[in-house]
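Note sheet for the following structure.
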Amino acid sequence: MNTLSKDYGFQDIIENLSRFWRDNGCVLVPPSQVEISSPMFHPICFFQAIDNDINTSIMYFQSQVSSKEYRNVSYEMKNYSFLKFQVFIKKQIENPQKIFFDSLAAMGLDFKNSDIRFESKNFNNFIFRLNSQSFSVFYNNIYIARISYIQSFGNYESNMTRLSITYDIDRMLILLQDSEDIWSVNWDKNNTNIKYSDIMFSIEKDNYDFIFDNCNNEFLFENLKNYISMSEELLSRQIVIPAYTTLLKAKYCLDILNFRNFIYSHQKINYNKLLRGLIDKCCEQYLSKKSKEVNNE
């Protein structure tokens with residue numbers, strides 16, 4: 001396994017990626033304050049994607065809360081994958097693969113002397129109407145990132161392909177420090193006494209226990225229905241962003257209930273359709289409000 005900078009820690013990867021993409025025209029935005037199953041559903045990213053008048057490219061660090069990640073996970077966390085760095089680019093890039101390789105070099109990964117494999121695996125989502133041509137990126141047979149060319153998002157289709165890059169920070173850390181698991185890697189190269197487990201283990205252990213053993217299904221199901229009702233009420237008053245973030249909370253409840261096999265397949269389909277319809281309304285109201293603002297200027 002080839003590495004360049006084994007002393008790189010979590011903080012160093014985030015700093016290096018932020019510096020690299022800032023130099024390539026991206027603006028750093030805060031992470032979502034709501035649980036999301038994919039960084040792409042971040043409210044800022046979602047509404048940036050559907051707004052043709054906004055050409056700003058963004059980046060952000062995001063914790064991914066997805067019940068799917070827990071299926072094959074143990075506290076050794078060989079497959080641990082929750083912390084992401086998301087880049088969303090709204091401009092044409094002549095050579096996306098080159099700039100991606102340059103970003104790997106900025107983090108300390110030796111891609112020139114390593115086996116880099118791109119595997120076509122489209123990333124789509126019914127609720128958010130996300131359709132993309134995607135490639136999973138493997139570094140020495142370890143998954144490290146997903147590159148997606150977004151064809152449609154929301155109920156909006158752009159005449160310009162947008163580029164999404166989602167970096168798998170956890171696995172990159174394991175590679176850089178040639179570690180057996182994520183918990184023993186250094187958090188910061190300047191302080192090797194602080195391990196990743198010191199910061200993250202208790203958080204993820206409690207999340208794991210909550211998903212598997214300690215969440216109340218009936219309570220989550222009531223929350224799902226309440227969040228949907230709240231979103232409908234907000235949309236009736238054209239309060240779009242809170243309506244969207246409330247739907248993210250509803251989806252979080254639905255994901256856990258589905259993971260725990262609490263709801264039937266037809267219920268899941270019906271709730272997926274309901275959430276999709278409300279997401280569509282968020283898109284329509286957002287673009288309508290933007291159009292009115294422009295016309296009133």
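Here the structure is a predicted model, which is why all the values come from computation and not from measurement.
- In terms of the side-chain contact (heavy atoms from CB on, under 4.5 Å) criterion, residue partners of I199 (sequence neighbours excluded) are, by chain and number, W187, I194.
- Ion pairing between a basic and an acidic side chain is recognised when a charged N comes within 4.0 Å of a carboxylate O; K290 and D53 show no such pairing.
- Looking at D198, its side chain does come within 3.5 Å of a backbone N or O of K195 through a donor-acceptor pair.
- Under the rule for a ring pair (Phe, Tyr, Trp, His ring centres under 6.0 Å), F135 has no partner lying at least two apart in sequence or in another chain.
- Sorted by first and then second residue, the pairs that involve residues 228-239 and meet salt bridge (Lys or Arg N to Asp or Glu O under 4.0 Å), not counting sequence neighbours, are E233-R237.
- No side-chain heavy atom of F123 sits under 4.5 Å from any side-chain heavy atom of T166.
- Residue Y271 holds its OH atom at 10.0 Å from NE2 of H266, rounded to the nearest 0.5 Å.
- In this structure, E218 places its CD atom where more than 12 heavy-atom neighbours from other residues, nucleotides or ligands lie under 6.0 Å away.
- In this view, F138 and Y143 satisfy the ring pair (Phe, Tyr, Trp, His ring centres under 6.0 Å) rule, not counting sequence neighbours.
- The backbone N or O of A49 sits less than 3.5 Å from a side-chain atom of R162, completing a donor-acceptor pair.
- The ring pair (Phe, Tyr, Trp, His ring centres under 6.0 Å) test applied to F46 returns F153, Y244, not counting sequence neighbours.
- One hydrophobic cluster holds both M107 and F118 under the rule that ILVMFWY side chains link at heavy-atom gaps under 4.5 Å.
- For N125, the side-chain contact (heavy atoms from CB on, under 4.5 Å) partners two or more places apart in sequence, or in a different chain, are F41, I127, F128, L130, K251.
- By the criterion of side-chain heavy atoms lying less than 4.5 angstrom apart, applied directly or through intervening Ile, Leu, Val, Met, Phe, Trp or Tyr residues, F101 is grouped together with V87 in one hydrophobic cluster.
- Q238 pairs by the side-chain contact (heavy atoms from CB on, under 4.5 Å) definition with Q285, not counting sequence neighbours.
- Counting only heavy atoms from C-beta outward, the side chains of L254 and I263 approach each other to under 4.5 Å.
- For F61, the ring pair (Phe, Tyr, Trp, His ring centres under 6.0 Å) partners at least two apart in sequence or on another chain are F10.
- Alongside F219, the hydrophobic cluster contains no other residue (criterion: ILVMFWY side chains under 4.5 Å).
- Evaluation of the side chain to side chain donor-acceptor pair (under 3.5 Å) test over residues 220-229, restricted to residues two or more places apart or in two chains, returns E222-K225.
- A side-chain donor-acceptor contact under 3.5 Å links D12 to the backbone of G9.
- Here the straight-line distance linking atom CD1 of I116 with atom CD1 of I144 works out to 5.5 Å at 0.5 Å rounding.
- Side-chain atoms of K90 come within 3.5 Å of backbone N or O of Q48 as a donor-acceptor pair.
- You'll find the side chain of V137 stays beyond 4.5 Å of the side chain of Y139, heavy atoms only.
- The backbone N or O of S148 sits nowhere less than 3.5 Å from a side-chain atom of S134 that would complete a donor-acceptor pair.
- Looking only at side-chain heavy atoms (C-beta outward), L28 and R22 stay at 4.5 Å or farther from each other.
- N124 is listed as a side-chain neighbour of S132, based on a closest heavy-atom distance under 4.5 Å.
- Using a 4.5 Å heavy-atom cutoff, the side chains of I58 and C45 are in contact.
- L83 is listed as a side-chain neighbour of Y196, based on a closest heavy-atom distance under 4.5 Å.
- Side-chain contact between L104 and M172 is present, with at least one heavy-atom pair separated by less than 4.5 Å.
- In this structure, CD1 on I142 lies 4.5 Å from CG on L175, to the nearest 0.5 angstrom.
- Under the 3.5 Å distance criterion, the side-chain polar atoms of Q62 are matched with a main-chain donor or acceptor of S32.
- For S291 (side chain) and L287 (main-chain N/O), no donor-acceptor pair under 3.5 Å exists by modelled atom type.
- Between the side chain of S197 and the backbone N or O of S184 there is no donor-acceptor pair closer than 3.5 Å.
- K98 and D102 are joined by a salt bridge, as a carboxylate oxygen and a charged side-chain nitrogen come within less than 4.0 angstrom of each other.
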Please tabulate, one pair per line, all N/O donor-acceptor pairs under 3.5 Å involving side-chain atoms of residues 275-284, not counting sequence neighbours.
residue, atom, partner, partner atom, Å
R276, NH1, F126, O, 3.4
D280, OD1, R129, NE, 2.8
D280, OD2, R129, NE, 3.1
D280, OD2, R129, NH2, 2.8
E284, OE2, N155, ND2, 3.3

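- For the pair K91 (side chain) and S57 (backbone), a donor-acceptor distance under 3.5 Å is absent.
- Grouping the Ile, Leu, Val, Met, Phe, Trp and Tyr side chains by contacts below 4.5 angstrom, directly or via other members, places L234 apart from V240.
- Under the salt bridge (Lys or Arg N to Asp or Glu O under 4.0 Å) criterion, E119 pairs with R117, not counting sequence neighbours.
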